[in-house]
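Each ligand, and each atom within it, is numbered from 1 in the order the structure gives.
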Amino acid sequence: MTTAVNPVETSYWVIVPAAGAGKRMGADKPKQYLPLSGKPLIAHTLENILHWPGLKGIVVAIAADDTEFATLRCAQDARIQTVTGGAERADSVLAALDYLSEREAPETSILVHDAARPLVSVADIRKLLAAAPMALLAQPASDTVKLSQTRGGKTEVRETLPRDQIWLAQTPQKAPLGKLRETLLQGLAENSTAITDEASALERAGFHPELVAACRSNFKITHPADLLLAEALLQHRAVESSLENNL
Ligand code: CTP
Ligand code: MG
C-alpha cells in the first residue's frame with residue numbers, strides 16, 4: 001500500500017523581515033506598527049501566520065532600535081522568536097537564516113513573508129506548500145507592461161513587454177534553509193543591489209522557483225492608500241464572517 005504524502009503536513013519555519021523604516025509610507029513610525037483595524041499591522045500578519053497548517057515557528061527580524069515589538073500581545077507566543085535585522089531586507093532575512101541554520105537541518109523548508117503583507121489567504125499558503133520545494137506567490141500582470149528609458153530628462157516608453165510572461169513577485173517565498181542561505185550569501189557578495197527577494201538570489205545560482213498565482217488581496221502595504229484598502233478588506237471579511245456565523 002502506498003501512503004499519500006500530504007505536502008501541507010510538511011513542517012516549515014517562517015521568516016518575517018520587519019526591520020524596515022517604511023519610508024514610502026511617510027508616517028512617524030515604521031509602517032509595521034501603524035494601526036490597522038484596531039491593532040498594529042504586524043500583529044495581523046503574525047496572527048495570520050500562526051494559523052498556517054504545519055507551521056513550526058516564526059523568526060521575526062526587527063530593527064536594532066525597535067522598542068514596539070515586545071509590546072505586542074503575539075510577541076509572547078512561544079512559537080515566535082526575534083533576531084536583529086540589517087540595513088537591507090536581504091540582510092534581515094540572512095540574520096534569521098543564520099539563527100535557524102544553528103538549530104535546524106539544511107533541508108528544512110523556509111517561507112519568507114513580508115511583515116507588510118497581512119492579507120495573504122490560507123488557501124494560497126496551501127497552494128504554495130504543495131508546489132515545488134522552491135516556489136513563490138506572485139501576481140500575473142494585468143496591465144500592459146512598458147519598459148521605460150530616460151531621454152532629454154523625460155521618462156518615455158522604450159518598448160512593450162509580452163504581458164503573458166510578466167509576474168509580480170510577492171511573498172511568501174519558499175526554499176530549503178541551506179540552499180537559501182548559501183545563495184543569499186553568494187548573491188549579496190556578488191551584487192547586493194540585485195537581491196531584492198529570495199527568488200532573485202536563487203535565480204542567480206541557476207534555480208528556477210515555481211510561480212504560484214496568488215489572490216489579489218496579497219498586496220504589500222507600501223503607500224498610505226494601501227493601508228486604507230487593507231482596512232476596507234478587513235472590514236468586509238469581518239462582516240462576511242459574522243454573517244456566516246449567524247446563518
Ligand atoms: N525590511 C527589513 N529590513 C530592512 C528593510 C526592509 O526587514 N532593512 C522588511 C520590511 O520591514 C518589510 C519587508 O522587508 O516588512 C518589505 O520591505 P518594504 O515593503 O520595502 O518595507 P520598508 O523597507 O520598511 O519600506 P520602504 O522601502 O518604503 O522604506
Ligand atoms: Mg524597502
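Taking the side chain as every heavy atom from C-beta outward, D124 and V122 never approach each other to under 4.5 Å. The closest side-chain heavy-atom distance from V112 to K174 is not below 4.5 Å. Two residues are said to be in side-chain contact when any heavy atoms from C-beta on lie closer than 4.5 Å; K39 and E47 meet this criterion. Proximity of L137 to V120: side-chain heavy atoms (C-beta onward) are separated by under 4.5 Å at one or more points. Taking the side chain as every heavy atom from C-beta outward, M25 and L34 approach each other to under 4.5 Å. The closest side-chain heavy-atom distance from Q170 to L136 is not below 4.5 Å. Proximity of L227 to P224: side-chain heavy atoms (C-beta onward) are nowhere separated by under 4.5 Å. Here the side chains of T183 and F207 are in contact, with some heavy-atom distance below 4.5 Å.
Among protein heavy atoms, atom 23 (O) of ligand 1 sits closest to G20 CA, 4.1 Å. Nearest protein heavy-atom neighbour of atom 29 (O) of ligand 1: K23 N, 2.7 Å. With respect to atom 17 (O) of ligand 1, the closest heavy atom belonging to the protein is K220 NZ, 4.2 Å. When only non-hydrogen protein atoms are considered, atom 7 (O) of ligand 1 lies nearest to A19 N, 2.8 Å. Protein heavy atom in closest approach to atom 21 (O) of ligand 1: K31 NZ, 3.3 Å. Remark: minimum distance from atom 22 (P) of ligand 1 to any protein heavy atom is reached at G22 N, 3.7 Å. Annotation: atom 3 (N) of ligand 1 to nearest protein heavy atom, S92 OG, 2.7 Å. Closest to atom 27 (O) of ligand 1, if we only count protein heavy atoms, is R24 NH2, 2.9 Å.
Considering backbone and side-chain N/O atoms, I221 never comes within less than 3.5 Å of an N/O atom of ligand 1. On a distance-only criterion, T222 and ligand 1 share no N/O pair closer than 3.5 Å. By the 3.5 Å distance cut-off applied to N or O atoms, A61 is not counted among the residues near ligand 1.
Of the options P17, G86, G85, the smallest heavy-atom separation from atom 8 (N) of ligand 1 is shown by G86. Of the candidates V60, D114, T171, it is D114 that places a heavy atom closest to atom 13 (C) of ligand 1.
Of the heavy atoms in A21, only backbone atoms (N, CA, C, O) come closer than 4.0 Å to ligand 1. Looking at A87 against ligand 1, only its backbone comes within 4.0 Å, counting heavy atoms. Proximity of A18 to ligand 1, defined as any heavy-atom pair under 4.0 Å, is confined to the backbone N, CA, C and O atoms. Contact annotation for R89 and ligand 1: heavy atoms of both the backbone and the side chain come within less than 4.0 Å of the ligand.
For S217, the side chain to side chain contact (heavy atoms under 4.5 Å, CB included) criterion is met by L119, C215, L233, R237, not counting sequence neighbours. Here Q76 pairs with nothing under the side chain to side chain contact (heavy atoms under 4.5 Å, CB included) rule; sequence neighbours left out.
Close approach of ligand 1 to A116 is summarised as follows: ligand atoms under 4.0 Å from at least one heavy atom of the residue are 15 (O). Residue-ligand proximity, A115 to ligand 1, at heavy-atom distances under 4.0 Å covers atoms 15 (O).
Atom CG in L168 sits 11.5 Å away from atom NZ in K220 (nearest 0.5 Å). Atoms CZ and CG, on F69 and L46 in that order, are 5.5 Å from each other to the nearest 0.5 Å.
Using a non-hydrogen distance threshold of 4.0 Å, R117 does not register as a contact of ligand 1.
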